[in-house]
Amino acid sequence: MTRKVRTRFAPSPTGQPHLGNARTAILNWLYARNQGGAFVLRFEDTDTARNVEGGEQAILDALDWLGLDRDEGPDVGGDHGPYRQSERGELYLARARGLVADGHAFRCFCTPEEMEADRVAAIAAGEPPGRDRRCRDLDPIVSAGREAEAPSAGEEVTLRLRVDSGPVAFEDRLKGALSIDGDDLGDMVLVRPDGRPTYNFAVAVDDFEMQISHVIRGIGHLSNTPKQVLLYRAFGAPPPEFIHIPSVLAEGGGKLAKRAGAPGVLDYRDEGFTPDAILNYLSLLAWSSATGEEVLTRRELIEQIDLDRLGATDAEVDPEKLRWLSGQHLRRQSAVSIAAAWAGVSGVAELGLSDEDLVRAAEVFVQRTSVLTDAPEELAAVFADPDLRTEAAREVLASPDASLALETLAGAWEETDWDVGTLKASMRNAMQASGVTGKSFFQPTRMSLMGATHGPDLTDVAYALGEARTRRRLARALELAHDHRRETE
RNA sequence: GCCCCCAUGGUGCAACGGCUAGCACAUCACUCUUUCAAGGUGGAGAUAGGGGUUCGAUUCCCCUUGGGGGCACCA
């Protein structure tokens, strides 16, 4: 039996996903793309109290930023909608009534108080709680009549699934064969008196009707699975394949919770990470490529994702490795695209650089950055007008050989091609010609070009600055160097 | 209390029941370099503990310990 692969990401609209939720979405998306299947987004918003203003949009923004495009969902539509549980009330009701009609479910007239009393009594008696004692065996004709009169009789009716004793077996791709006894489940509530479906019922109905083939979700849902399997059984359909993935833990091993200050995906964007780096990093949590390769592009991830290579242990987030991976991704990009990304980083525009400046700088300075937001500082260090009136500058420029070094270098760079290789060669020539070497040559040069005593390779700096700026800076420093010499003599 | 899951260096992963337990991040040293990065080379560092099964166990089984999850008319 080969059915089309359809995966889904089904968050509650409580705001931007944290890293753990993002990884769930990523795995679903990667697998769908790998299989040429469909990736479905569904909002589980039946608990209105939990919904957050703007929560849906934050999730969409996060998915968009990560590049996880949907084939179906609340924003793009599709043949299996609506894609918000809050808009699917009728479907749940119809499905529940169907289950009552064919005997899989029954009407329960017990009050919450009665149920609670039963629960306590069952536990006290050492029996599993959750089994209805009064209503499950009511005659259908009788219970239908009682439902009709419920409003006037002041009764409320709950729809519950008839769960028999005996094993409920199911398969998890990672955990293998699992089984739990129906007695431990109880007669689960499907629809509350007010008509709202319970979570597990809604999920099963949705996954069933949306023809989801693979449910890839957090391990926390493992215990919900038998209930959903039971529902599929009642629907007379085979359940989807379940893949329960281990948790992503916060640094230090704690839970990744928003209330504990866990950053959202969009926060990483704001910190200058690229979506590909996040995608790569998160996919490496509990998964590894067959080749052992760790720096993987989006395309490579799609090609190589393999559910059978998923691990079963919880994984801690490691910010250091994330940064490293981010740097690796940056370094693999073209200078043009890095320059474009830098242009959008706050603090870069203020430097007043041209597109060419940015591209040249990207060529030689990416290796100094891990995230996009590292750029402003690196660029400012080179492009900002050097302040040569500092004590440090004065000291360096007043050194005996400063003038000679600067003069010779300015001459050497007069008639050269402006590329790093040539600049480096002619700088060496200048050193030889002047007889000034090592520190006494480099210090004055670095001071004139960037007003500092340390920084990137000097030829990289000159290359990034461009010919005109470089010449101007050398000339100005040379002037000062002459002045200083005169003063000291 | 009951049920379920997990367990390889600090962190993330790898190892048909079979080479000296491998890779990456971090760390330390060296190297390249005027400097700071990036890069290169090398080092230290792990199978949670105890029992089995087996010629042989990181791998299979049991117990202990530790961690996580669940036991809802929450999602």
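The structure presented is a predicted model; accordingly, all values stated were derived computationally and were not measured. Below, chains carry the letters A, B, ... as their sequence lines are ordered, and counting in each starts from 1.
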Legend entry - Nearest-Å distance once atom P is located in both B/U58 and B/A15: 15 Å
Inset, instruction - For A/Glu271, check side chain to side chain donor-acceptor pair (under 3.5 Å) against everything at least two apart and list the hits. - result: none
Legend entry - Interatomic distance at P, B/A21 relative to B/A44, whole Å: 13 Å
Inset, instruction - Find the distance A/Arg196:CZ to B/C73:P and express it as a whole number of Å. - result: 12 Å
Inset, instruction - Report the residue from A/Val336, A/Val348, A/Leu351 that forms a side-chain contact (heavy atoms from CB on, under 4.5 Å) with A/Leu358. - result: A/Val348
Legend entry - Expected output: side-chain A/Thr225 to main-chain A/His221 donor-acceptor under 3.5 Å: yes
Legend entry - Rounded distance in Å between the P positions of B/G18 and B/A57: 11 Å
Legend entry - No-hydrogen, no-angle side-chain donor-acceptor test under 3.5 Å, A/Arg217 and A/His244: yes
Inset, instruction - Using the side-chain contact (heavy atoms from CB on, under 4.5 Å) rule, pick out the option among A/Ile305, A/Leu307, A/Leu301 that qualifies with A/Asn34. - result: A/Ile305
Inset, instruction - Quick one: label A/Pro246 by what it contacts on the DNA or RNA (base, sugar-phosphate, nothing), any heavy atom closer than 4.0 Å. - result: nothing
Inset, instruction - Could you tell me whether the side chain of A/Arg473 and the main chain of A/Leu449 form a donor-acceptor pair under 3.5 Å? - result: yes
Inset, instruction - Give the rounded distance in Å between these two atoms: CG of A/Leu249 and P of B/C6. - result: 16 Å
Legend entry - Pair pattern of RNA chain B in dot-bracket, where unpaired bases get dots and | marks partners in another strand, Watson-Crick or G-U under 3.5 angstrom: (((((((..((((....[...)))).(((((.......)))))....(((((..]....))))))))))))....
Inset, instruction - Check the distance between B/C5's C1' and A/Leu174's CG and give it to me in whole angstrom. - result: 11 Å
Legend entry - Sequence-distant partners of A/Asp276, side chain to side chain donor-acceptor pair (under 3.5 Å), two or more places apart: A/Arg298
Legend entry - Whole-Å gap separating C1' (B/C6) and CG (A/Leu178): 13 Å
Legend entry - Polar side chain donor-acceptor pair, A/Ser288 to A/Arg309, under 3.5 angstrom: yes
Legend entry - CD/A/Glu87: more than 12 non-hydrogen atoms of other groups inside 6.0 Å: yes
Legend entry - A/Thr291: side chain to side chain donor-acceptor pair (under 3.5 Å) partners, not counting sequence neighbours: A/Ser289
Legend entry - Separation of the C1' atoms in B/G68 and B/C32, to the nearest angstrom: 47 Å
Legend entry - Interatomic distance where CD1 belongs to A/Ile245 and P belongs to B/G68 [whole Å]: 19 Å
Legend entry - Integer angstrom distance from the C1' of B/U47 to that of B/U8: 4 Å
Legend entry - Gap between atoms CD1 and P, on A/Ile180 and B/C3 respectively (whole Å): 11 Å
Inset, instruction - Name all residues meeting the salt bridge (Lys or Arg N to Asp or Glu O under 4.0 Å) criterion together with A/Glu44; count only those two or more places apart in sequence or in a different chain, and write none if there are none. - result: A/Arg42
Legend entry - Residue pairs involving residues 359-375 of chain A (criterion salt bridge (charged side-chain N to carboxylate O under 4.0 Å, His left out); sequence neighbours excluded): A/Arg323-A/Asp374, A/Asp357-A/Arg360, A/Arg368-A/Glu378
Inset, instruction - Look at atom CD of A/Glu300 and say whether more than 12 heavy atoms of other residues, nucleotides or ligands are closer to it than 6.0 Å. - result: yes
Legend entry - Nucleotide B/C4, atom P - distance to CZ of A/Phe170 in whole Å: 12 Å
Inset, instruction - On RNA chain B, check which nucleotide each of A/Phe442 and A/Ser247 is closest to and give me the residue with the more 5' one. - result: A/Phe442
Inset, instruction - Would you jot down, in residue-number order, the residues of residues 448-461 of chain A having a non-hydrogen atom under 4.0 Å from RNA chain B? - result: A/His454, A/Gly455, A/Pro456, A/Asp457, A/Leu458
Legend entry - Salt-bridge present (A/Asp206, A/Arg8; N to O < 4.0 Å): no
Inset, instruction - Have a look at A/Asp187 and tell me which of A/Arg160, A/Arg162, A/Arg107, A/Arg136 forms a salt bridge (charged side-chain N to carboxylate O under 4.0 Å, His left out) with it. - result: A/Arg136
Legend entry - Members of residues 218-233 of chain A that approach RNA chain B, where some heavy atom sits under 4.0 Å away: A/Gly220, A/Ser223, A/Asn224
Inset, instruction - Determine the interatomic distance between C1' on B/A48 and the same-named atom on B/G43; round to the nearest Å. - result: 26 Å
Inset, instruction - Classify the side chain of A/Glu44 versus the base of B/A75 as yes if they form a donor-acceptor pair under 3.5 Å and no if they do not. - result: no
Inset, instruction - Ignoring backbone atoms, test whether A/Thr46 places a side-chain nitrogen or oxygen under 4.0 Å from the OP1 or OP2 oxygen of B/A75. - result: yes
Nucleotides 58-65 of chain B: which of its N/O atoms have a protein N/O under 3.5 Å away?
none

Inset, instruction - State whether a side-chain donor-acceptor pair under 3.5 Å links A/Ser426 with A/Asn429. - result: no
Inset, instruction - Look only at the side chain of A/Asn200 and the backbone of A/Lys227, and say whether a donor-acceptor pair between them is shorter than 3.5 Å. - result: no
Inset, instruction - Scan residues 427-442 of chain A for pairs that pass salt bridge (charged side-chain N to carboxylate O under 4.0 Å, His left out), counting only residues two or more places apart or in two chains. - result: none
Legend entry - Interatomic distance at C1', B/U27 relative to B/G45, whole Å: 10 Å
Legend entry - No-hydrogen, no-angle side-chain donor-acceptor test under 3.5 Å, A/Ser403 and A/Glu407: no
Inset, instruction - Using a 4.0 Å cut-off on protein heavy atoms (strictly under), produce a 5'-to-3' string for nucleotides 7-14 of chain B with B for base contact, S for backbone-only sugar-phosphate contact, and - for none. - result: S---BBSS
Legend entry - Interface residues of residues 323-332 of chain A with RNA chain B (non-hydrogen, below 4.0 angstrom): A/Trp324, A/Gln328, A/Arg331
Inset, instruction - In whole angstrom, give the distance that lies between atom CZ of A/Arg107 and atom C1' of B/C73. - result: 18 Å
Inset, instruction - Rounded to whole angstrom, note down the C1' distance from B/C55 over to B/G17. - result: 12 Å
Legend entry - Side chains of A/Asp45 and A/Ser86, donor plus acceptor under 3.5 Å: yes
